Amino acid sequence: MLGTVLDIDGGFKREKRHSPIPQAACNLIWELKPTQMMRRKNNNKHYFTRMSTRKKVHAFVRVRPTDDFAHEVIRYGDDNKSIDIHLKKDTRRGVVNNQQTDWSFKLDGVLHDASQDLVYETVAKDVISQALDGYNGTIMCYGQTGAGKTYTMTGATENYKHRGILPRALQQVFRMIEERPTHAITVRVSYLEIYNESLFDLLSTLPYVGPSVTPMTIVENPQGVFIKGLSVHLTSQEEDAFSLLFEGETNRIIASHTMNKNSSRSHCIFTIYVEAHSRTLSDEKYITSKINLVDLAGSERLGKSGSEGRVLKEATYINKSLSFLEQAIIALGDQKRDHIPFRQCKLTHALKDSLGGNCNMVLVTNIYGDAAQLEETLSSLRFASRMKLVTTEPAINEKYDAERMVKNLEKELVLLKQELAIHDSLANRSLVNYDPMDEIQIAEINSQVRRYLEGTLDEIDIINLRQIQEVFNQFRVVLSQQEQEVECALRRKYTFIDKNDFAAISAVQKAGLMDVDGHLVGEPDGQGFGLGVAPFSAKPGKKAKSKKTFKDQLSSSARKEGASSPVGGKDLDVSISKTQLTPSSKDGDVKDMLLRDRETSNIEPPSSDSPKEELRPPRPSTPPSKPVAFEDFKNERGSEINRIFKENKSILNERRKRASETTQRINAIKREIDMTKEALNFQKSLREKQGEYENQGLMIIDEEEFLLILKLKDLKKQYRTEYQDLRDLRAEIQYCQHLVDQCRHRLLTEFDIWYNESFFIPEDMQVALKPGSSIRPGMIPVSRIMSLGEDDQDKFSQLQQTMLPEGPDSISFYNAKVKTEQKVGLEQRVSTLSRPSLEPEHRGPVSCVLLCAQRQFLRSRWQMHMGSLPYTNI
Ligand code: ADP
Ligand code: MG
C-alpha cells in the first residue's frame with residue numbers, strides 16, 4: 001500500500017522503485033503501519049482499555065532558521081502538525097521512473113522560526129509541571145549535527161533570552177516550589193555524558209564530589225535505572241542549579257578540547273530529581289520524579305569512505321547507539337513485541353525507564369530547512385514518525401515515608417486500644433491488658449500449661465488473642481523441655497553410639513555390651529547394590545540384661561516400690577501395692593511384670609492338659625501373694641499354656657540369635673566389599689597411570705585387577721544372599737514375637753480368672769463353680785460373662801475352620817469378631833446375671849467348659865500357625 005515501508009528490524013527501505021501504486025497515492029502516512037491499523041481495528045476493546053492509561057510520545061520538529069529555506073521542497077500543513085516533502089522528479093532517470101518524490105510526516109507540531117520561549121512553552125512546560133506532581137518526564141533532542149539540538153536544549157548560555165529548555169526547566173521547577181508552600185520539595189541534579197560507550201560525569205569536577213573510585217555503571221533496581229558513581233547534587237535554589245548546569249557545560253567544552261573529542265558526537269543527559277514531601281506530618285506518602293533532558297549526538301550517517309582513526313571509531317559508536325535507540329523505539333512502538341533491546345548500548349540502557357516507561361515523553365527533532373540537507377532531514381523525520389508510535393504509561397511515583405508511617409501506626413494503635421477498653425467496659429469485662437506480656441505473665445501461663453498437662457487444672461481461660469498465642473507458645477516450650485529431660489535421663493543411664501560409626505559398634509559388640517538385636521545392617525536402597533547400616537532394633541533382647549531400656553528401668557523401680565508398672569504405655573498406677581492385691585482391672589499390669597520376671601525361670605511346669613480345679617487343696621484363709629500363686633498356676637491349670645509360651649519364647653530367641661549372626665556376617669562382607677573396592681580403585685588408577693592397553697576395542701587389565709573384580713562380584717552376591725536371609729529371619733522374628741505376646745496375654749488372663757476363682761469367690765458360690773454348673777457370678781471378668789449363653793465349643797470349631805486358612809492375620813480378625821459379638825449380647829447377659837433366680841433353662845453353659853474349649857482352640861490354633869512356619873518344634 002505504501003510507497004515506503006518501515007523495516008521492523010531497524011533499517012528502512014528508502015525507496016521502492018517498482019511499486020505498482022500510482023505516484024499520486026504514494027503520499028506517506030507515517031503515523032500507523034498497516035499491520036497496526038488492522039490490529040487496532042480488530043481489537044478495539046483492548047486498544048481503548050490500554051488507551052485509558054497509555055499516552056503517545058509527543059514529537060515536534062524544530063527547523064533551524066536559514067536564509068535559504070527550501071520552500072518548494074518543504075511544506076507545512078495548515079494545522080502546523082505535518083510536514084510534506086516534495087521532490088522534483090529526476091528527468092535523467094528515463095521514462096519508466098518510479099522514484100518516490102513525496103512524503104508526508106504527521107507530528108505534534110512544527111516549530112518554524114520559533115523563539116526559545118515558544119519552544120519551551122510548546123515542548124517542555126507541561127512535562128515539567130507534571131514532574132512536580134510525581135510524573136517522570138523525558139525531553140530529547142534528535143537531529144543531524146548543527147541542526148540546533150544543543151541550542152534547543154541548553155541554548156546560548158551567554159544570552160539569557162536565548163537560554164534553552166534546560167535553564168528554563170530549572171526555573172520553572174523552583175518557581176513551582178515557591179507556589180507550593182504545603183510541600184517540602186528537594187531538587188537534585190546530575191549531568192552525564194556518554195562518549196564512545198563510556199560514561200563521564202560532567203559534574204565530577206566540583207570540589208565536594210571527590211574522585212570516582214570505580215568506573216560508573218548502569219544499575220537497575222525495582223525503583224528504576226540509575227548510574228552508580230554519578231554525582232547527584234542537591235540544589236536549594238535556582239542559582240545553584242544554574243551554576244551546576246554551567247559547570248557541566250564548561251566541562252563538556254573543556255573535554256572536547258583536551259580529549260580532542262567532538263561534542264556533537266556525545267550524548268548528554270541532564271537529570272533533575274524532584275522529591276516532594278507534604279508538610280502535613282500525618283501524610284506518610286511522598287512523591288518522586290525524574291526529568292531527563294537529553295541532547296543526543298548528531299544523527300547524520302557518516303560517509304563510509306573517508307572516515308578513519310578516531311573519527312571512524314566515533315562514527316561507529318554514534319551510528320551504533322543511535323541505531324540501537326531506533327531499534328528500541330521500533331520495538332516500543334510495536335505492541336506485539338515483549339522484549340525491548342535496551343541493553344544493547346549505554347544510551348538506551350541509561351534511558352530504559354525514560355523511553356516508553358512510566359514517563360511523559362517529548363521528542364524534538366531538529367532539522368535544517370535547506371534543500372542540501374534533505375536526505376538527513378528525511379531520515380530525522382522518519383525517526384520522529386517512529387517515535388510517535390511509541391506509547392508510554394505515565395504514573396505517579398508514590399512512596400511511603402517509613403518514619404512517618406510508624407508514627408501514624410503508633411497513633412492508630414493508641415486509638416484502637418482506647419476503643420478496646422470502651423468495648424470491654426461495655427461488655428462488662430474486667431480490664432484486660434492488651435500490652436505485650438511481661439516475664440511474670442509468661443511464667444504464669446507456663447505454670448498454667450504445666451498444671452493443665454498434669455491434670456490439676458481443667459481449663460485455661462481465654463482472655464485475649466495475645467494470651468492464646470502465648471499459651472500455645474508455652475505448650476511448645478514445655479514439650480521441648482520434657483523432651484530434653486527424657487533425653488538427659490537416657491543419657492545419664494546409657495551411652496549412645498552413632499549408628500553410622502561402625503568401629504564403635506563393633507567394639508561394643510565385641511565387648512558384649514550390645515544387644516544381639518542391634519541390627520547392624522543397612523536396608524538395600526532398592527537400586528542396584530546399596531549398602532549401609534541400619535538403626536538398631538528398638539527391642540532389647542535377652543542378653544541386654546545389663547542394658548535395660550528406660551521403660552524396663554521404670555518397671556523395675558516401680559516393682560521395687562511394690563507398685564504396678566506402666567508396661568505397654570499405660571499410666572503409672574501407684575494405687576495397688578504388692579501386699580494389697582485385689583481383683584482389679586489393672587491387675588494385668590502387675591501380673592505382666594511378674595510374668596516378665598519369671599519368663600526366664602527354669603522351672604518346668606508339669607505337662608498336663610487336664611484342668612486341676614478338682615485337685616485344688618482347701619482354700620487358705622488368706623490368699624497367697626500373686627507371685628506365689630502365679631508359680632502354682634503355671635504348674636497347675638496354666639501348665640499347658642505356659643509350656644507353649646516357653647517354647648515360642650525359645651524359638652524367638654533362637655531366631656534372634658541367628659539374625660544377629662547373619663547381621664555380623666553381612667557387616668563383615670560389607671567391610672570386605674569396601675576393602676576390595678578400594679584395592680580395585682588403586683589398581684585402576686595404577687593402570688591409568690601406566691597407560692592403558694586396548695585390543696580390538698577391549699580393555700586389557702592385569703590378572704590382579706581381574707581377580708579383584710571377580711572377588712567383588714562374589715562378595716556382592718554373598719551380601720545379597722545373606723541380606724535376603726536376614727529379611728526372612730526378621731519376618732519370622734516379628735511373627736514369633738506376636739505369638740509370644742499372645743501367649744503371655746493368655747497366660748495372664750487365665751491366671752487372673754484362676755486366682756479370682758480360687759481365692760475370692762465366696763464359699764456359697766463354690767458349687768456353681770464346679771464343672772457342670774451354670775454360672776460364675778461376680779468375680780468372673782466381663783469378657784467371660786459376655787460369652788455366656790453361646791454354644792462355645794461349636795463356635796470355636798467353626799471359627800477354627802473358617803479362620804485358620806487365612807494365616808496369622810486371622811488372630812486379630814478373630815478377636816474383633818468375638819468382641820463385636822460380645823458387645824451385642826452384653827446388656828442382655830449382665831441383666832441375666834443380676835437375677836440369681838433365673839430359670840436354669842435360661843442359663844448358658846458353664847464357663848469351665850468355655851475355658852477348656854477356648855484353651856483347646858487356642859492351643860490348636862497356635863500349633864497350626866507354628867506348623868506353617870519353617871520351625872515346627874512346638
Ligand atoms: P547541534 O547541537 O545540533 O549540533 P547546535 O545547537 O550547536 O547544533 O547549533 C549549531 C549552531 O546553530 C549554533 O551556533 C546555534 O547557535 C545555531 N542555531 C541552531 N538553531 C538555532 C535557532 N533556532 N536559532 C538561532 N540559532 C540557532
Ligand atoms: Mg550539539
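This one's a predicted model, so the numbers in the text were calculated from it and none came from an experiment. Just follow the structure's listing: the first ligand is 1, and inside any ligand the first atom is 1.
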- prompt: Of the non-hydrogen atoms in N366 and S380, which two are nearest, and what is the gap between them?
  reply: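 Closest approach of N366 to S380, heavy atoms only: O-OG, 4.4 Å.
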query: Is R163 close enough and on-axis enough to Y160, meaning under 6.0 Å and within 45°, for cation-pi?
result: yes
- request: Please state whether the rings of F69 and Y76 are parallel, tilted or perpendicular, taking 30° and 60° as the class boundaries.
  value: tilted
Can [X] and [Y] be counted as having a side-chain donor-acceptor contact under 3.5 angstrom?
{"X": "H233", "Y": "T235", "answer": "no"}
{"X": "Q116", "Y": "R168", "answer": "no"}
{"X": "T288", "Y": "N397", "answer": "no"}

Which protein N or O atoms sit under 3.5 Å from any N or O of ligand 1? Give atom names and distances.
| unit_1 | atom_1 | unit_2 | atom_2 | d |
| --- | --- | --- | --- | --- |
| ligand 1 | 2 (O) | T150 | N | 2.9 |
| ligand 1 | 2 (O) | T150 | OG1 | 2.7 |
| ligand 1 | 3 (O) | G146 | N | 3.4 |
| ligand 1 | 3 (O) | A147 | N | 3.4 |
| ligand 1 | 3 (O) | G148 | N | 3.1 |
| ligand 1 | 3 (O) | K149 | N | 2.8 |
| ligand 1 | 3 (O) | K149 | NZ | 2.9 |
| ligand 1 | 4 (O) | G146 | N | 2.7 |
| ligand 1 | 6 (O) | T150 | N | 3.2 |
| ligand 1 | 6 (O) | Y151 | N | 2.7 |
| ligand 1 | 8 (O) | G148 | N | 3.2 |
| ligand 1 | 12 (O) | R64 | NH1 | 3.3 |

message: Using 2.8 Å as the threshold, say whether any N, O or S atom from T150 sits that close to the Mg ion (ligand 2).
response: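 Within the cut-off used here (under 2.8 Å), T150 does place an N, O or S atom near the Mg ion (ligand 2).
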